[in-house]
Amino acid sequence: MTRDLEPAVRDAWHVLCRSADLAPGAATRLRLLSRDVEVARNAAGTVSARLLDGEAVATREAYGHVFACLGTPAAPLFDIAEFAEDDRRLATCGAVRVRASGLRLVENFLDMAHFPFVHTDLLGVEERPEVPRYDIEIRRDVDEVWATNCRFWQPRAAASSAEGQMSEYLYRVAGPFAVMLYKTCPADPSRFDVIGLLIRPAEPDLSYAYAFVLVLDEASSETAIVHFQQTIFLQDRIVLENQRPRLLPLAPNAETPTRADMSSVAYRRWLKEKGVRYGTVEGLAGHGEAEGVP
Amino acid sequence: MRGGWCPIGLSQDLPAGIAAPVILDGRELVAWRTGEGVLRLFEDRCPHRGMRLSFGFVRGDALVCLYHGWRWGADGGCRAIPAHPELTPPKSLVVPRFAVREAGGLVWAALGDGPDDPPPETPADVRPLATLAIDLPADVVSAALGAGEERLVEKEEAGFALLLAIQPVDARRSSLHVLLRGADASPLAALDAAEALRMRIEREGAPA
């Protein structure tokens, strides 16, 4: 049933749901990669999942979420080392449904240039829109895309910020549908806050986004942290649902990147090298009809 | 009619400084007017990352994309890329433009280069009323109104002389731009008549 999926997507780990949303003894049906998956937790707390037509699929529980792999896992679930630091707080934001390719969501997450216009007076101001040059690399040993030395002026960088700061960012694409950033922590400039976006691609042009925040912030309430992230993401959703086409084009001439889009360019190149087609314009023929694609 | 003039709206609904989405023959377009009132019709898609430009805003003589603030001039050329304030955008960076004209309170567009002939004339004594959405393809609406190949047809309805401009939206939908003839007629009562006409077309034209 999963043979038509390309290995780069079939054999990768994808988020299914939040851990907290699956109580002992509970089961729920979810859509993943155009398949119905049933995920359950037994009385002892162990999570399992299967395709609705019977086949069991591999699962992992980590980082406050449940993950699944529909094929044979090509690698262990990506490591987020900061989860081992016990002075951090985890806030999970839950699912947000977005009518767009999950790959578009990753690209939006990697993008600093939109801060002044989409997250005006929160993550950027129109008076300071410049994206200074940053570094980008595809790390072959871990098969990840990294953007480093990223800097951007932010009036209110996090729920805990009182004033503006020149934020420093590191971006990390850990899987085709998994992305995170490490960002200057307003409470402790020697360490980074971690913000992640885990995407469950339900259909090529329909996604569920699970954001989490792993921060050094003793002052803000969990509600305040989650509200801040939800405000940001709902602003992004307006853009994401109105990009045309809804699927991500991998052809270099389909859109017009500039130097600020180096991370998006590297991400598309990496997807192409890996043979990712799900959620791309190029994969349209292979995955049935997708709405809104010219 | 493809390639000919098609009505896409009433001039009064497109004031200066406004950008509005238009769908014509299934194509997503944005109609916008500069602060000085110059009307333009662009593809509703920023070439940078595909964002619909109708979500953007007009600043002076430019249409600004909501996503990254790229500024597009009335000639379709890119004026500025805020992420790179020092950069002069290349001349080749343009949004596709379409022909647009105004006549007698109606806005007309053509998807091709634009016909040599001007759009149809409207009588001098018309007032714009409203645009009505119809859940039927334009050819069904045209047939119901006895419009033939014409995009503009005059119709007597409940004692009002209505001028109706038919816009093909996509394979299932159309818009009817309604104007009223005669200086003495009541616009509100005429609007009721136009609404009754719309409902009759939808009822009669609906597939059995």
Side-chain angles (χ1 to χ4, degrees), chain A residues 100-101 103-108 110-120 124-134 150-153 205 235-249 251 253-265 267-268 281 292-294, chain B residues 19-30 42-60 62-72 76-96 98 111 169-173:
Chain A
S101 164
L103 307 173
R104 288 258 192 218
L105 272 63
V106 171
E107 236 182 48
N108 169 264
L110 292 173
D111 177 51
M112 286 180 286
H114 76 289
F115 289 164
F117 303 97
V118 179
H119 311 299
T120 312
V125 288
E126 285 198 42
E127 294 71 33
R128 298 184 72 163
E130 185 166 12
V131 178
R133 186 181 285 277
Y134 55 89
C150 306
R151 282 164 295 130
F152 203 82
W153 174 262
D205 64 347
Q235 290 174 338
D236 283 321
R237 187 167 71 170
I238 295 168
V239 167
L240 289 163
E241 296 194 331
N242 287 289
Q243 280 177 280
R244 298 290 181 267
R246 294 182 197 276
L247 302 178
L248 187 74
N253 59 352
E255 294 182 343
T256 315
T258 70
R259 205 183 65 225
D261 303 308
M262 275 170 29
S263 52
S264 136
V265 171
Y267 174 60
R268 292 186 191 191
V281 169
V293 178
Chain B
V22 172
I23 305 177
L24 177 58
D25 267 336
R27 291 282 293 266
E28 291 187 327
L29 310 171
V30 53
F42 286 4
E43 187 172 84
D44 194 7
R45 184 178 176 275
C46 181
H48 175 220
R49 282 296 178 254
M51 180 63 192
R52 289 176 66 191
L53 286 169
S54 54
F55 281 74
F57 36 95
V58 177
R59 290 243 173 114
L63 178 60
V64 182
C65 181
L66 173 69
Y67 200 175
H68 299 96
W70 288 28
R71 297 174 74 94
W72 301 95
C78 186
R79 294 275 168 277
I81 297 173
H84 307 297
E86 309 299 320
L87 182 83
T88 303
K91 286 211 172 1
S92 59
L93 193 47
V94 292
V95 179
F98 299 92
L111 288 180
V169 172
D170 57 26
R172 293 178 297 110
R173 298 176 298 167

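Chain naming here is simple, since letters A, B, ... match the order of the sequence lines and numbering starts at 1 in each. Source: prediction; values computed, not measured.
- Closest approach of B/Ala83 and A/Ala260 over heavy atoms only: CB-CB, 4.0 Å.
- Here the CZ-CZ distance, from A/Arg244 to B/Arg45, works out to 10.0 Å after rounding to the nearest 0.5 Å.
- Contact annotation for A/Ile238: both backbone and side-chain heavy atoms come within less than 4.5 Å of a heavy atom of chain B.
- Taken to the nearest 0.5 Å, the CZ atom of A/Phe115 stands 9.5 Å off from the NE2 atom of B/His68.
- For a residue to count as touching a neighbouring chain, one of its non-hydrogen atoms must lie under 4.5 Å from one of that chain's; by this rule B/Leu66 touches chain A with backbone and side chain alike.
- The CZ atom of B/Phe55 sits 9.0 Å away from atom CD of A/Glu241, with the distance rounded to the nearest 0.5 Å.
- Only the side chain of A/Arg104 comes within contact range of chain B, with at least one heavy atom under 4.5 Å from a heavy atom of that chain.
- In this structure, CZ in B/Phe57 is found 7.0 Å from CZ in A/Phe117, a value given to the nearest 0.5 Å.
- Shown here for A/Val239 and B/Met51, the closest heavy-atom pair between the two residues is O-SD, 3.6 Å.
- For B/Arg172, the side-chain contact (heavy atoms from CB on, under 4.5 Å) partners two or more places apart in sequence, or in a different chain, are B/Asp170.
- Sorted by first and then second residue, the pairs that involve residues 47-58 of chain B and meet salt bridge (Lys or Arg N to Asp or Glu O under 4.0 Å), not counting sequence neighbours, are A/Glu107-B/Arg49, A/Glu255-B/Arg49, B/Asp44-B/Arg52.
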For B/Tyr67 and A/Asp111: C-alpha separation, side-chain torsions, deciding distance, then whether side chain to side chain contact (heavy atoms under 4.5 Å, CB included) applies. CA-CA 10 Å; B/Tyr67 200 175; A/Asp111 177 51; 3.9 Å; yes

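- Residue contact with chain A, scored on non-hydrogen atoms closer than 4.5 Å, is absent for B/Leu87.
- Note that CD of A/Glu130 is 12.5 Å distant from CD1 of B/Ile81, once rounded to the nearest 0.5 Å.
- A donor-acceptor pair is defined here as one N or O able to donate and one able to accept, closer than 3.5 Å; no such pair exists between the side chain of B/His48 and the backbone of A/Pro257.
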